[in-house]
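Below is one structure; the comments refer to it alone.
Below, read A as the first sequence line, B as the second, and so on, with proteins coming before strands; counting in each chain starts at 1.
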Amino acid sequence: MPEQPSLDGLEQKWCGEWDRHAVYRFDRDAPAQELYAIDTPPPTVSGSLHVGHVFSYTHTDTIARYQRMRGRAVFYPMGWDDNGLPTERRVQNHFGVRCDPSIAYDADFRPPAAASAEQPAAVSRPNFVQLCLQLTESDEQAFEELWRRLGLSVDWSMTYTTIGRLAQRISQSSFLGLLERGQAYQLEAPTLWDVDFQTAVAQAELEDRERPGAMHRLRFHGRDGADALVDTTRPELLAACVALLAHPDDARHRELVGGEVLTPLFASPVPVLTHRLVEPEKGTGLVMVCTFGDLTDVVWWRELNLPVRPVLGPDGRLVPVRWGEPGWESRDPQLAQASYDELQGLTVNQARRRSVELLSQTGELVGEPTPITHAVKFFEKGERPVEIITSRQWFIRTLEHREALIARGREIRWHPPYMRARFEDWVNGLTGDWNVSRQRFFGVPFPVWYPIDQDGQTAYERPLRAREEQLPVDPSTDLPDGYEPEQRGQPGGFVGDPDVMDTWATSSLSPLIASAGAGEAALQQRLLPMELRPQAHDIIRTWLFTTVLRFHLERDELPWRNAAISGWVLDPDRKKMSKSKGNVVTPMHLLEQYGADAVRYWAASGRPGTDTAFDAQQMKVGRRLAVKLLNASRFALVDLGPSGELSHPLDRALLRRLAGVVADASESFEGYDYARALERTESFFWWYCDYYLELVKARRYEAEGAGAGSVSSALRRSLSVFQRLFAPFVPFVAEEVWSWWQPGSVHTARWPAAEDLSVDAGDPDTEEVALAVAADVLREVRKAKSEAKVKMRAAVAEAVVYDSAPRLAALRLGADDLCHAAVIERLELREGEQFSVEARLVEEAA
RNA sequence: GGGCGCGUAGCUCAGCGGGAGAGCGCUCGCUUCACACGCGAGAGGUCGCUGGUUCGAAACCAGCCGCGCCCACCA
């Protein structure tokens with residue numbers, strides 16, 4: 001035991017020891033009922049971990065440590081989500097390259113010496129993927145180092161990645177199963193599209209952003225010179241207009257309905273129809289339907305059987321159109337073409353400005369555009385609004401399972417329970433099946449090819465599936481059965497599916513991937529369903545939802561029994577911490593400044609599901625707690641005499657109180673409320689240091705005697721319990737103080753139970769009162785000394801305690817300890833109405 | 001527009017049917033033999049507002065106000 005215990009160096013020391021002794025190694029032979037499997041969130045490997053990660057991963061770690069101490073074989077792997085767009089974006093910037101799938105693989109490829117974001121070098125898809133793997137590997141090492149330093153009790157021998165071969169095999173295999181059962185299908189349909197990344201995105205990946213816009217009133221031309229005025233925010237889509245709509249009950253437009261009007265600029269005849277979703281209060285009550293301005297346009301297009309007039313290309317620019325040809329009718333094709341030529345090739349924003357100029361010139365813009373602010377849908381990682389573009393995509397059926405998914409959600413135990421509402425809201429609000437294909441490169445490919453017929457037409461409706469034994473396959477380099485490499489892209493040959501899966505399509509299988517990584521199939525079956533899914537609330541609609549869906553389709557069961565939802569870390573202004581605000585503190589810096597235990601203490605104080613302010617002050621408090629545990633342990637244990645019978649009433653009362661704390665902390669942990677477990681433990685520990693340790697100090701220093709033996713026993717038992725109660729929260733200091741006097745790791749020690757603190761002798765009620773009154777009197781004497789501004793060791797010549805007879809009787813049981821602790825020379829007990837203490841201090845010698 | 005959560009001391013929060021609490025911050029004091037990375041004491045609050053239920057409400061119910069988040073077919 002060190003003379004002057006310190007926190008310095010504990011992290012290095014114990015990280016190494018834990019690794020050397022494989023303290024957190026998962027026991028693969030444990031029987032099913034003793035397993036506790038955690039579906040750890042694989043953090044996105046696209047830069048760095050932030051304070052929010054430290055926050056929520058600490059929550060999970062406290063649970064893992066508690067369960068391990070309860071004797072469960074804790075399956076606690078780490079995964080890295082390296083698959084997907086964020087990595088691609090980083091690789092592009094970092095190496096100055098862009099992926100061009102038409103280029104052939106170059107085995108000798110080296111990234112350009114001087115990275116240039118303006119003029120990126122085109123590289124083949126396999127080369128691009130290699131660069132992605134190279135970059136993620138170094139990130140993952142840095143992540144692991146941080147997690148170890150934070151003290152996560154992960155078994156690092158089971159780490160998986162979402163781009164790894166295992167994940168790809170499982171993901172592709174699951175997809176083929178879905179295809180076989182008709183739960184995955186391909187469709188050419190209007191799709192949410194990001195024009196920068198040039199890929200489809202899913203409903204779950206959208207977010208609203210408030211953006212300035214403008215309302216434009218446009219003049220459509222009716223019969224006999226009658227005009228129809230229409231308000232729109234998207235005049236640039238006028239060429240794509242296929243109808244005007246009014247509400248069926250709207251009398252104002254009754255004359256127009258059923259007829260045709262001509263569009264401004266293009267003189268294209270479009271019908272005027274009615275639909276219940278049109279809101280008469282908005283604008284003029286007339287709305288134009290385009291291909292496609294927003295999701296409502298898609299509804300109208302579908303329900304009213306409208307034609308399509310696609311004008312936006314995948315790059316977000318207006319595509320070439322020949323007015324006057326079928327589908328592009330105009331009463332004045334020359335005018336229409338002249339107008340359109342002004343717009344073709346422009347981006348949406350450019351085309352909008354130009355359209356307004358043209359409409360002003362023709363007088364078809366009524367008044368000035370009115371500035372407005374409105375919510376626009378963005379891909380969450382995107383920079384321009386999503387568009388709706390028709391393309392061929394793979395979907396997984398979700399709508400038809402809505403009821404079943406709601407029922408699944410109700411089987412899950414949510415912590416906190418109200419988080420279930422977010423899940424149900426999301427499921428109830430689904431508008432389409434899940435689009436899982438992305439027109440990107442660094443992801444899991446679809447394990448299918450398509451035959452090309454003799455006319456060079458690709459037969460998408462007859463995909464050639466990979467065999468299970470082939471998986472994982474890359475259809476851009478691997479071959480379907482019965483074909484030769486030369487037939488790729490040739491009439492009579494084949495072509496690989498060019499897309500990759502949405503990253504959630506793979507990470508939604510994380511329980512399967514993680515458990516498969518553990519070893520043999522029998523073990524995987526024992527691990528499923530897992531016990532716990534920990535995650536933050538913002539990805540309920542993505543990761544949580546898709547995992548429940550995949551397990552419903554794959555195994556007809558839940559992926560896990562419990563979902564523990566953590567909140568976010570907010571900056572002191574109550575805003576979500578974000579890089580753009582420049583308020584992000586790097587986690588490693590925090591660990592160096594305050595120590596891992598202190599940072600964990602702050603994190604574990606954040607209650608489940610609750611957003612928590614970043615608070616360095618709380619970390620200092622955590623550090624104080626760690627130091628206190630060191631010093632209290634040293635005081636209690638150094639040169640401690642032999643344990644004896646628990647003969648002293650105050651010792652017995654203390655152990656009984658502590659048993660209550662153990663019960664409370666255990667119950668809290670069982671309900672996933674680690675924060676409450678910490679709060680109970682901590683507040684009692686401070687009381688223990690401030691009152692109990694002070695009361696028993698005299699007996700603790702006695703060499704022998706019944707009182708000394710009793711307190712030695714109580715100190716050993718209470719310290720052992722405190723050290724174990726704190727182990728999940730401050731694992732480094734807990735291990736340190738445990739190592740001074742106990743064999744093995746505290747983290748594999750048994751979680752304390754009431755039996756550790758059982759007390760046979762004495763009257764519990766009276767002795768509890770004895771402890772309470774002794775503490776009350778101690779506080780009163782301290783107050784008297786504080787008011788007299790004397791030191792606490794100043795002697796009290798006489799202390800008179802007034803209280804009820806039973807309380808005085810109880811106090812006699814602890815009077816010896818009290819007099820030592822408060823330095824009372826003469827203690828007198830008098831019966832009185834109210835508790836009070838009169839303390840007469842000994843005059844200080846001058 | 002719908003849903004969820006939250007409004008308690010200057011700050012961060014606990015309490016959720018019978019004493020208004022903790023930590024930090026603040027003030028005062030203490031070299032005390034585990035700890036000055038410490039110890040002791042103190043000041044500080046019509047528990048968002050309005051009604052209701054109850055012997056009794058910070059807590060339960062209703063309405064309102066404010067903040068945050070999620071969702072929505074936001075032309």
>> Could you tell me the Watson-Crick or G-U partner of G19(B), where both distances fall under 3.5 Å? Say none if there is no partner.
In response: none

> On a whole-Å scale, what distance lies between the C1' atoms belonging to A62(B) and U53(B)?
Replying inline: 11 Å

> Think R700(A) forms a cation-pi with F635(A), using NZ or CZ under 6.0 Å from the six-ring centre and within 45 degrees of its axis?
Replying inline: yes

> When you check the side-chain N and O atoms of E303(A) and H275(A), is any donor under 3.5 Å from an acceptor?
Replying inline: yes

>> Aromatic contact between Y601(A) and F729(A), with the criterion being ring centroids under 6.0 Å apart: yes or no?
In response: no

> With rounding to whole Å, what would you report as the distance between G21(B) and G51(B) at their C1' atoms?
Replying inline: 28 Å

> Between A72(B), A75(B), C30(B), which nucleotide has the shortest distance from any of its atoms to the side chain of K791(A)?
Replying inline: C30(B)

>> Of the options C28(B), G3(B), A14(B), whose atoms approach the side-chain atoms of K789(A) most closely?
In response: C28(B)

>> What's the gap between U27(B) and A14(B) when it is taken at their P atoms, as a whole Å value?
In response: 28 Å

> Mind checking the P distance from C16(B) to C6(B)? Whole angstroms is fine.
Replying inline: 13 Å

> Paired with C37(B): which nucleotide, if any, by Watson-Crick or G-U wobble criteria at under 3.5 Å for both distances?
Replying inline: none

>> Starting the side chain at C-beta, find the nucleotide from C73(B), A72(B), C28(B) nearest to L277(A).
In response: C73(B)

> Is the closest basic N to carboxylate O distance between D776(A) and R807(A) below 4.0 Å?
Replying inline: yes

> Just by distance, with hydrogens left out, do T547(A) and R533(A) show a side-chain donor and acceptor under 3.5 Å apart?
Replying inline: yes

>> Nearest to the side chain of K377(A), heavy atoms from C-beta on, is which of U12(B), C74(B), C24(B)?
In response: C74(B)

> Using atom C1' of each nucleotide, how far apart are A57(B) and U46(B) to the nearest Å?
Replying inline: 14 Å

> So what's G25(B) paired with, Watson-Crick or G-U wobble, going by both distances under 3.5 Å?
Replying inline: none

>> As a test of reading the structure: which of C74(B), A72(B), U32(B) is closest to the side chain of T296(A), going by heavy atoms?
In response: C74(B)

> Is the F423(A)-W414(A) ring centre distance short of 6.0 angstrom?
Replying inline: yes

> Are the side chain of T610(A) and the backbone N or O of G606(A) linked by a donor-acceptor pair below 3.5 Å?
Replying inline: no

> From U32(B), C73(B), A75(B), pick the nucleotide closest to the side chain of T431(A)?
Replying inline: C73(B)

> What does C49(B) pair with, Watson-Crick or G-U, if both distances are under 3.5 Å?
Replying inline: G63(B)

> What's the closest nucleotide to the Q618(A) side chain, out of G15(B), C74(B), G23(B)?
Replying inline: G23(B)

>> Checking base pairs now: Watson-Crick or wobble, both atom distances under 3.5 Å. What partners C73(B)?
In response: none

>> Assuming nearest nucleotide by heavy-atom distance, tell me which of A632(A) and V287(A) is located more 5' along RNA chain B.
In response: A632(A)

>> I'd like the P distance from C60(B) over to C24(B), given in whole Å.
In response: 29 Å

> Of all the choices, C35(B), G5(B), A72(B), which nucleotide is nearest to the side chain of N631(A) once you look at every atom?
Replying inline: C35(B)

>> For a quick check, with a 4.0 angstrom heavy-atom cut-off, what is the B/S/- contact string for nucleotides 37-44 of chain B, read 5' to 3'?
In response: BSSBSS--

>> Side chain of D425(A) only, heavy atoms from C-beta on: which candidate in G2(B), C74(B), U12(B) is closest?
In response: G2(B)

> Does Y691(A) have R782(A) sitting over its ring (NZ/CZ under 6.0 Å from centre, angle to axis within 45°)?
Replying inline: yes

> Any idea which of C74(B), C69(B), G15(B) is nearest the D208(A) side chain?
Replying inline: C74(B)

> Given that M419(A) and A636(A) both sit by RNA chain B, which one's nearest nucleotide is further toward the 5' end?
Replying inline: M419(A)

